[in-house]
Amino acid sequence: MGRFNQAKAPIYEALEEFRQNRIVPFDVPGHKRGRGNPELVELLGQQCVGIDVNSMKPLDNLCHPVSVIREAEEIAAEAFGAAYAFLMVGGTTSSVQSMVFSTCKKGDKIILPRNVHRSVINALVVNGATPIYVNPETDNRLGIALGMRVSQVEKAIRENPDAVAVLVNNPTYYGICSDLRSIVRLAHGYGMKVLVDEAHGTHFYFGKDMPISAMAAGADMAAVSMHKSGGSLTQSSFLLTGPSMNPGYVRQIINLTQTTSASYLLLASLDISRRNLALRGKEEFARVIALAEYAREEINRIGGYYAYTADLINGDSIFDFDRTKLTVNTLGVGLAGIEVYDLLRDEYDIQAELGDIANILAYLSIGDRERDIERLVSAMAEIKRQYGKDGAGMFTQEYIDPKVAVSPQDAFYAQKESLPLLETRGRVCSEFVMCYPPGIPILAPGEEITEDILNYILYAKEKGCSMTGPEDAAIERLNVLKEVWA
């Protein structure tokens, strides 16, 4: 039995008490419980706008919590098996960046896989740390990047013993897990901190027979997207720390970038969602896995599609697999993932999470129902029948090894020039190019633009991927460093 009562939700309870007190507001926000903006009340409801309030003594303050927020964080830490848990309202982006800022400074080396979310490289642009990339292996049949091999991490550590941290994805967007426990043991042996991007791994902490979580593996920090599989409101997240981190210092780092006007809607949703998962998570995520396994079986029965799962596990670059992830390779029906994604939405009113060159991801979690799965399976069968074709000549690769010429910070702030896309080959990019989702850069600042990368960008644009990052929204031009780097 834990020290805290997981049935409590201190922030939610304080807001309910506040609502009943009918306090007259001479503070912000200016809509004054919705009275000044009736259309907002119509959209969100009085219940919602009535608790969209400012920090005050009874409700505590996220920048320096001493009462209900502090209690909510302590209860959450116990639920996640962490030494401390910080409630985050800037999305998991702010959690990831706080991990980097807490452990690295300008000139420090950080070891990480290149298939990280853009938030990681953005953090390096801001603080000037130098990335030492471990290029993940790729599964050419599936067109996805895999996890980091322990031997690759060990090689990077031995070659860079002065690195201060290792960052790991747990899992990747596609459900692939590295051997986290071995990586932690290895990094700690060299005095390096281990940071884990668990944007897609909230359920690892609450489900049964799941891949190991960062805190259970002994990591120093983990960024957890509670709003993804955990059921809280979009933009709410947890930053977890192990016993090696000073929570007071981490709080100072968080306060460098996080808002001083934290939304109580987001904070309350974190509080309530943590309670829900602590009390019911094991049963709920068992149901999610059962739904995902059923969906995989039915989709694979259609033929052409390949919904993959734990059958990929090889004990190293795919050390484990998140079985809640319903990721489907579509190339066998002659369609890019993004094409199936668009058809599902436009023709069948089904919104998938992700469509890339070779795969779609249907994100399953605690709010899904069996009848929704049936509808998805039927739609995919129809798409194959109506739109399927020969897959010859299709791109498969989602990840291309980068050639790093300059640090992200140096490249981002360097003197640059804008060139037509096809004239940039051999130059060094000073901005990001990515499909979003998944938000893994095709190009990041400081990387050389190659023929393969240009072909990939053109193909992704042609297939309808949502491309983001460059200053030129049409992605017909790229900013490159003025010098031609050898």
Side-chain angles (χ1 to χ4, degrees), residues 91-93 95-97 112-123 133-140 142-148 167-178 196-203 223-225 227-229 234-235 237 307-308 312 317-318 321-322 324-331 335-342 344-345 351-365 395-402 431-444 447 453 456-457 459-461 463-470 475:
T92 305
T93 288
S95 299
V96 165
Q97 293 178 345
L112 63 157
R114 175 52 179 70
N115 60 323
V116 288
H117 188 263
R118 69 170 294 174
S119 58
V120 179
I121 302 174
N122 279 345
Y133 289 128
V134 174
N135 287 323
E137 291 185 358
T138 54
D139 184 312
N140 291 327
L142 299 179
I144 60 170
L146 306 179
M148 293 194 290
L167 187 140
V168 188
N169 296 322
N170 192 56
T172 68
Y173 220 139
Y174 302 90
I176 308 293
C177 299
S178 301
V196 184
D197 181 347
E198 283 188 307
H200 300 281
T202 306
H203 44 291
V224 179
S225 264
H227 71 93
K228 291 190 170 77
S229 61
T234 295
Q235 203 177 305
S237 174
Y308 43 93
L312 295 180
S317 58
I318 312 172
F321 188 84
D322 174 9
T324 71
K325 295 283 185 295
L326 179 55
T327 321
V328 184
N329 185 272
T330 62
L331 298 181
L335 296 169
I338 188 64
E339 291 176 309
V340 175
Y341 171 98
D342 286 340
L344 283 170
R345 187 192 58 244
Q351 181 60 59
E353 167 68 12
L354 168 142
D356 63 28
I357 295 299
N359 303 273
I360 63 160
L361 169 62
Y363 209 99
L364 302 190
S365 197
F395 265 55
T396 61
Q397 197 149 332
E398 179 59 23
Y399 171 80
I400 300 169
D401 285 355
E431 54 189 355
F432 288 95
V433 183
M434 73 201 81
C435 297
Y436 195 91
I440 298 163
I442 300 163
L443 272 172
E447 294 176 359
I453 286 168
Y456 184 93
I457 291 169
Y459 185 82
K461 283 176 67 178
K463 289 296 184 184
C465 287
S466 176
M467 306 284 284
T468 66
I475 316 189

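Atoms considered below: every heavy atom in the structure, side chains included; atoms not considered: hydrogens, waters and symmetry mates. Everything numeric in this text was worked out from a predicted model, so none of it was measured.
Thr324 is not listed as a side-chain neighbour of Leu364, based on a closest heavy-atom distance of 4.5 Å or more. Using a 4.5 Å cut-off on side-chain heavy atoms (C-beta onward), Ile442 and Cys435 make contact. Two residues are said to be in side-chain contact when any heavy atoms from C-beta on lie closer than 4.5 Å; Leu112 and Tyr133 meet this criterion. You'll find the side chain of Ile338 stays beyond 4.5 Å of the side chain of Ser466, heavy atoms only.
For the atom pair SG of Cys465 and CE of Met467, the computed distance is 7.0 Å after rounding to the nearest 0.5 Å. With values rounded to the nearest 0.5 angstrom, Leu344 atom CG is found 12.0 Å from Glu339 atom CD. Distance CG/Leu443 to CD1/Ile453: 4.5 Å, rounded to 0.5 Å. Within the model, atoms CD of Glu353 and OG of Ser365 stand 11.0 Å from one another, a figure rounded to the nearest 0.5 Å. Interatomic distance, Thr138 OG1 to Ile144 CD1, rounded to the nearest 0.5 Å: 9.5 Å. The CG atom of Leu146 sits 8.0 Å away from atom CG of Leu312, with the distance rounded to the nearest 0.5 Å.
When all heavy atoms of Glu431 and Pro470 are compared, the closest pair comes out as OE1-CA, 3.4 Å. The minimum heavy-atom distance between Asp322 and His203, with the atom names listed, is OD2-NE2, 2.8 Å. Minimum interatomic distance between Cys177 and Pro171 (heavy atoms only, all atoms of both residues): SG-CB, 3.7 Å. Heavy atoms only, all atoms of each residue included: Ile360 and Tyr341 are closest at CG2-N, 3.9 Å. Minimum interatomic distance between Thr327 and Leu361 (heavy atoms only, all atoms of both residues): OG1-CD1, 3.6 Å. Of all heavy-atom pairs spanning Ser317 and Ile176, the tightest one is O-CG2, 3.5 Å.
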I would like to know whether Lys463 and Asp342 meet side chain to side chain contact (heavy atoms under 4.5 Å, CB included); could you show each step before the answer? CA-CA 10 Å; Lys463 289 296 184 184; Asp342 286 340; over 6 Å; no
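Taking the six-membered ring for Trp and thresholds of 30 and 60 degrees, His200 and Tyr363 have ring planes inclined between 30 and 60 degrees apart.
In this structure a side-chain-to-backbone donor-acceptor pair under 3.5 Å is present from Ser178 to Met148. The backbone N or O of Ala358 lies less than 3.5 Å from a partner atom in the side chain of Asn329, making a donor-acceptor pair.
Tested against Glu198, the residues Asn169, Asn170, Thr92 include a single side-chain hydrogen bond (donor to acceptor under 3.5 Å, both in side chains) partner, Asn170. When each of Val196, Val120, Val134 is checked for a side-chain contact (heavy atoms from CB on, under 4.5 Å) with Leu167, only Val120 meets the rule.
If you check the side chains of Asp139 and Tyr174, you find no donor sitting under 3.5 Å from an acceptor. Under the 3.5 Å distance criterion, with hydrogens and angles disregarded, no donor-acceptor pair is assigned to the side chains of Asn359 and Tyr173.
Taking the charged nitrogens against the carboxylate oxygens, Glu447 and Arg114 do have a contact shorter than 4.0 Å, which makes a salt bridge.
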